[in-house]
Amino acid sequence: MTALAVAPGVTHWPGYLDPAEQAALVDELREVARQAPFFTPRMPKTGKPFSVRMTNCGSLGWVSDEGGYRYQPSHPETRQPWPAMPLRLLRAWEELAGYPQPPQACLINFYEPTAKMGLHQDRDEEEFAAPVLSLSLGDTAVFRIGGTVRGGKTISLKLASGDALVFGGEARLAYHGIDRILAGSSSLLPQSGRINLTLRRVTKPPV
DNA sequence: GAGTCACT
DNA sequence: AACA
């Protein structure tokens, strides 16, 4: 498996999941979404809806609404605990994250072909020593990542179905986002669009 | 004056 | 289509 060093702290693994694993993972995510339905997050203060829909698995899930960005142990609408993280995701974390503790949160974002994600930092966690692991399923996304200051230089790369991307170390707080979804570039999903999984360690491990 | 902007 |  080829690891591409995209930038310091940023590694891209094209085709990390083979097609059979991708299909099996989609099946597992379908079950997650049955227990924890996709919801539409909203921007803090303004309440403006995101263009992506999301759900989570793991002990904590990332949510956003008028009250702000936060991690919480239960679904914001059903109030049920998030479903367990599929073992396949825990294995991917063990293999790629280089962090001794398991991930606590897996955010599942669904991008319709018109959905975008503006440049932002993942900084709602308390543990920045752990990297962020991203897995892509379905249509290819045009991903952009820069440095830790807004307005700095950025680079663009395409994330295809099965690709893994890890950003940690000096890139842990890098600004990143999704410029565009290339509709119809994959036939993994029954509809066009993309699923992105982001696995994160939220709290510092107990000493 | 920034923003998970909004548009060109 | 990518970039700014």
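Everything numeric in this text was worked out from a predicted model, so none of it was measured.
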Original post:
What is the ring orientation for A/W93 with A/Y99, classed by angle as parallel under 30°, tilted 30 to 60°, or perpendicular over 60°?
Top reply: perpendicular
Original post:
Can you list the stems that DNA chain C is part of, where a stem is at least 3 pairs in a row, each Watson-Crick or G-U, with both distances below 3.5 Å?
Top reply: none
**OP:** Kindly indicate, with the supporting measurements, whether the criterion side-chain contact (heavy atoms from CB on, under 4.5 Å) is fulfilled by A/F128 and A/R123.
**Re:** CA-CA 8 Å; A/F128 293 137; A/R123 59 176 181 194; 4.1 Å; yes
Original post:
Base, sugar-phosphate, or nothing for A/K158, non-hydrogen atoms under 4.0 angstrom?
Top reply: sugar-phosphate
Subject >> d(CZ, A/R180; C1', C/dC3) in whole Å >> reply: 13 Å
Subject >> Donor + acceptor pair across side chains of A/T198, A/N109 (<3.5 Å) >> reply: no
**OP:** Scan side-chain atoms only and decide if A/Y71 and A/E125 contain a donor-acceptor pair under the 3.5 Å cut-off.
**Re:** yes
Original post:
Please give, in whole Å, the distance from C/dA2 P to A/I181 CD1?
Top reply: 12 Å
Original post:
What class does the angle between the rings of A/F143 and A/H176 fall in, given that below 30° is parallel, 30 to 60° is tilted and above 60° is perpendicular?
Top reply: tilted
Atom pairs under 3.5 Å, N or O on each side, protein against nucleotides 5-8 of chain B: can you list them with distances?
| residue | atom | partner | partner atom | Å |
| --- | --- | --- | --- | --- |
| B/dC5 | OP2 | A/G118 | N | 3.3 |
| B/dA6 | OP1 | A/K48 | NZ | 3.4 |
| B/dA6 | OP2 | A/K48 | NZ | 3.0 |

**OP:** Could you label the plane-to-plane angle of the A/F38 and A/F110 rings as parallel, tilted or perpendicular, counting under 30° as parallel and over 60° as perpendicular?
**Re:** perpendicular
Original post:
So, is A/T154 close to the C/dC3 phosphate, meaning a side-chain N or O under 4.0 Å from OP1 or OP2?
Top reply: no
Subject >> OP1 or OP2 of C/dC3 under 4.0 Å from side-chain N/O of A/R144 >> reply: yes
